[in-house]
Amino acid sequence: MAKIIKEECHTFNEYLFIPGYTSPECIPSNVDLSTPLCKFKKGEKGLRLNIPMVSAIMQSVSDDKLAIALAKEGGMSFIYGSQSIEDEAAMVARVKNYKAGFVVSASNLTPDDTLKEVVELKEKNGFSTIAITSDGKCNGKLLGIVTGRDYRVSRTPLSTPVKEFMTPLERLITAPLGVTLKEANDIIWERKLNSLPIVDDEGNLRYFVFRKDYSEHKDNPREILDDKKRYMVGAGINTRDYEKRVPALVEAGADVLCIDSSEGYTCWQKNAIEFIRRKYGDSVKVGAGNVVDGDGFRFLAEAGADFVKIGIGGGSICITRETKGIGRGQATAVIEVAKARDEYYEKTGVYIPICSDGGIVYDHHITLALAMGADFVMLGRYFARFDESPTQKLLVNGAFVKEYWGEGSNRARNWQRYDLGGSGGLAFEEGVDSYVTYAGSLHDNVEKTLYKVKSTMCNIGVTDIPALQREATLTLVSPTSIVEGGYHDVMIKGNNRK
């Protein structure tokens, strides 16, 4: 007969924190939520997140717009992989080009192009600053620039050549190649510029430095940047076309890859990781999963994963447990995998971060997942509710909602996520198509969520995640206790419960 684990598995909602001593230092403004993202050796410091939140590899969640918004807050998005290689790489590139200290020009024309091309280029990529070069390329000889102040579509014929309304080189303030970012920003502020072209000795355009980048950094102190001051972004891959997809995503600038799969304890995930290690060594970071026990973690750790995702069937739109009978309560899964992670660290000196993926219903579940050993959490439904997610805001039955569907649904048709080595195709659904209640901007909601996490940590008496994992005390609660924990025996006045 099958091996039977007699202990019940549990969800986050079955646990509560026992308060600890709150010292004068335990205030939310002192709490540090930075956390490791990728593996590192004892004594070293690996790639880190500034907040313990990443967005799920889902069509209805993680595109370039949400990736930019989340990077500003200090987290990371994993661009969904259930699209063409070219489209996914383009999304990654747009995130990497959105913000940088020195930006390679993404919009370029020649003096002989027309206002029609200017309008079309602006509509295509959203950038209002267009470099005018001798050959229309990003590193051509700079002849001028065009911004929204140089023309008015209602007054200027679309056939007008760019050279008639551009700001010519002789009227531009430029800086030489080799100028530091601080020097460039000083010039921008002293001369009241919106952008500063950086040119080499031959007069070729090399970069732009933008005023908005400096301003956004001041407005977003937690933003997560690479060593070139660009926003960091992750990207999903599958176990089918990785030999073509991975090189394209690396070329586009993806900082971290993650295998998108409902179940990670497979030979196909090992094959994908081994391909990346053969081709790139340790320079390309890749997460793997999902697993729900120590055996699964150890398998992926030995295969070379940089982080491991935990969770099968716990997502709000996932029906894997219903259709296949596979999975585990998310709290129990995190606790067991965290134990295996710690044992692996003691044995090898290599720390492999773990990500809790799924099962988050309330904000305090994030704090519980971290206390149980997760280094960060992956969220789908949470981010799908916001303005920045890819879906449209709809009015349904008098309430604003956004569409949200599982990668295993017929709508997504992401059969690669459920790869079992067959010929392909989605034999049956493992996800549903649904709505989530619209919640506004990502920034406002993440701020509120993080404040709740920090407040709970202060009640426990800690000010960082490692201390939370060392010091927190958890208690299992009965079904009656769960009922008691919400409002009861009262009538709520309208819709005033936030």
Side-chain angles (χ1 to χ4, degrees), residues 3 5-15 35-40 42 46-49 52-54 56-57 78 234 256 258-270 272-273 285-315 318 320-321 326-361 365-380 465-466 468-470 472 474 476:
K3 175 184 176 181
I5 299 173
K6 294 183 179 181
E7 296 81 7
E8 294 179 341
C9 62
H10 298 282
T11 66
F12 294 133
N13 213 41
E14 296 174 77
Y15 287 88
T35 190
L37 172 63
C38 292
K39 70 180 176 184
F40 58 91
K42 186 177 293 187
L47 192 63
R48 296 177 69 83
L49 298 165
M53 301 169 74
V54 301
I57 311 170
F78 285 87
V256 184
C258 184
I259 301 173
D260 179 27
S261 176
S262 66
E263 204 274 297
Y265 195 174
T266 73
C267 59
W268 296 286
Q269 290 222 5
K270 182 179 179 182
I273 297 170
K285 306 302 182 184
V286 57
N290 287 17
V291 300
V292 294
D293 64 3
D295 289 340
F297 170 83
R298 286 183 285 271
F299 173 81
L300 292 176
E302 294 296 337
D306 287 292
F307 67 85
V308 174
K309 287 201 297 149
I310 307 163
I312 296 177
C318 184
T320 296
R321 295 182 192 175
I326 291 175
R328 199 173 199 182
Q330 189 69 4
T332 299
V334 170
I335 291 168
E336 180 166 328
V337 174
K339 180 181 178 182
R341 185 267 319 277
D342 293 343
E343 291 172 349
Y344 187 87
Y345 180 51
E346 287 298 317
K347 178 181 177 182
T348 66
V350 176
Y351 187 92
I352 301 178
I354 56 176
C355 167
S356 178
D357 176 17
I360 302 294
V361 180
H365 289 173
I366 297 175
T367 321
L368 284 166
L370 297 174
M372 292 171 181
D375 295 281
F376 56 100
V377 297
M378 178 172 278
L379 304 163
I465 293 173
L468 174 67
Q469 294 168 346
R470 292 192 308 269
L474 299 172
L476 275 168

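Index from 1, following the sequence. Hydrogens, waters and symmetry mates play no part in the numbers below; they use all other heavy atoms, side chains included. Keep in mind that this is a model prediction, so the values were computed, not measured.
Between Y345 atom OH and K39 atom NZ the span is 14.0 Å, to the nearest 0.5 Å. Between the CD1 atom in I465 and the CG atom in L370 there is a gap of 5.0 Å [rounded to 0.5 Å]. Separation of atoms CD1 (I352) and CG (L300) is listed at 9.0 Å; rounding is to 0.5 Å. Remark: Y15 OH to H10 NE2 distance equals 5.0 Å, nearest 0.5 Å. T348 contributes atom OG1, which lies 11.5 Å from atom CD of E343 (distance to the nearest 0.5 angstrom). Here the NZ atom belonging to K309 is positioned 4.0 Å from the CG atom belonging to N290, to the nearest 0.5 angstrom.
Using a distance-only test at 3.5 Å, with no hydrogens or angles considered, a donor-acceptor pair links the side chain of T35 to the main chain of D375. R341 contributes a side-chain N or O that, together with a main-chain N or O of G373, makes up a donor-acceptor pair within less than 3.5 Å. Side-chain atoms of Q330 do not come within 3.5 Å of backbone N or O of V292 as any donor-acceptor pair. Of the possible polar contacts, one joining the E14 side chain to the T11 backbone as a donor-acceptor pair under 3.5 Å is found. The main-chain N or O of Q269 is found under 3.5 Å from a side-chain atom of T266 such that the two form a donor-acceptor pair. Judged purely by atom type and a 3.5 angstrom limit, D357 has no side-chain atom pairing as donor or acceptor with the backbone of G311.
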Verdict with reasoning, T367 to L468, per side-chain contact (heavy atoms from CB on, under 4.5 Å): CA-CA 9 Å; T367 321; L468 174 67; 4.2 Å; yes
List the steps and the verdict of side-chain contact (heavy atoms from CB on, under 4.5 Å) for I57 and M378. CA-CA 9 Å; I57 311 170; M378 178 172 278; 4.3 Å; yes
Quick one: do Y344 and E302 satisfy side-chain contact (heavy atoms from CB on, under 4.5 Å)? Show the steps, please. CA-CA 10 Å; Y344 187 87; E302 294 296 337; 3.3 Å; yes
Might you work through the side-chain contact (heavy atoms from CB on, under 4.5 Å) test for V361 and N13, ending with a clear yes or no? CA-CA 8 Å; V361 180; N13 213 41; over 6 Å; no
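Between W268 and S261 the shortest side-chain heavy-atom distance does not fall below 4.5 Å. Between F307 and V256, some side-chain heavy-atom pair lies under the 4.5 Å cut-off.
The nearest pair of heavy atoms linking A303 to I273 is O-CG2, 3.1 Å. Closest heavy-atom contact between A369 and V377: CB-CG1, 3.9 Å. Taking both residues in full, the closest heavy atoms of S356 and F12 are given as OG-CZ, 3.6 Å, listed atom of the first, atom of the second, then distance. Closest heavy-atom contact between I259 and A288: CD1-CB, 4.3 Å. Nearest heavy-atom pair, F297 versus V291, reported as atom, atom and distance to 0.1 Å: N-CG2, 3.9 Å.
No more than 12 heavy-atom neighbours from other residues, nucleotides or ligands sit within 6.0 angstrom of NZ on K270. Heavy-atom neighbours of K347 NZ from other residues, nucleotides or ligands within 6.0 Å: at or below the threshold of 12.
Under the 4.0 Å criterion applied to side-chain N and carboxylate O atoms, K339 and D342 are not assigned as salt-bridge partners.
Between D306 and the choices P36, C38, P353, the side chain to side chain contact (heavy atoms under 4.5 Å, CB included) rule is met once, by C38.
In this view, E336 and R328 satisfy the salt bridge (charged side-chain N to carboxylate O under 4.0 Å, His left out) rule, not counting sequence neighbours. The side chain to side chain donor-acceptor pair (under 3.5 Å) search around Y265 returns none, not counting sequence neighbours.
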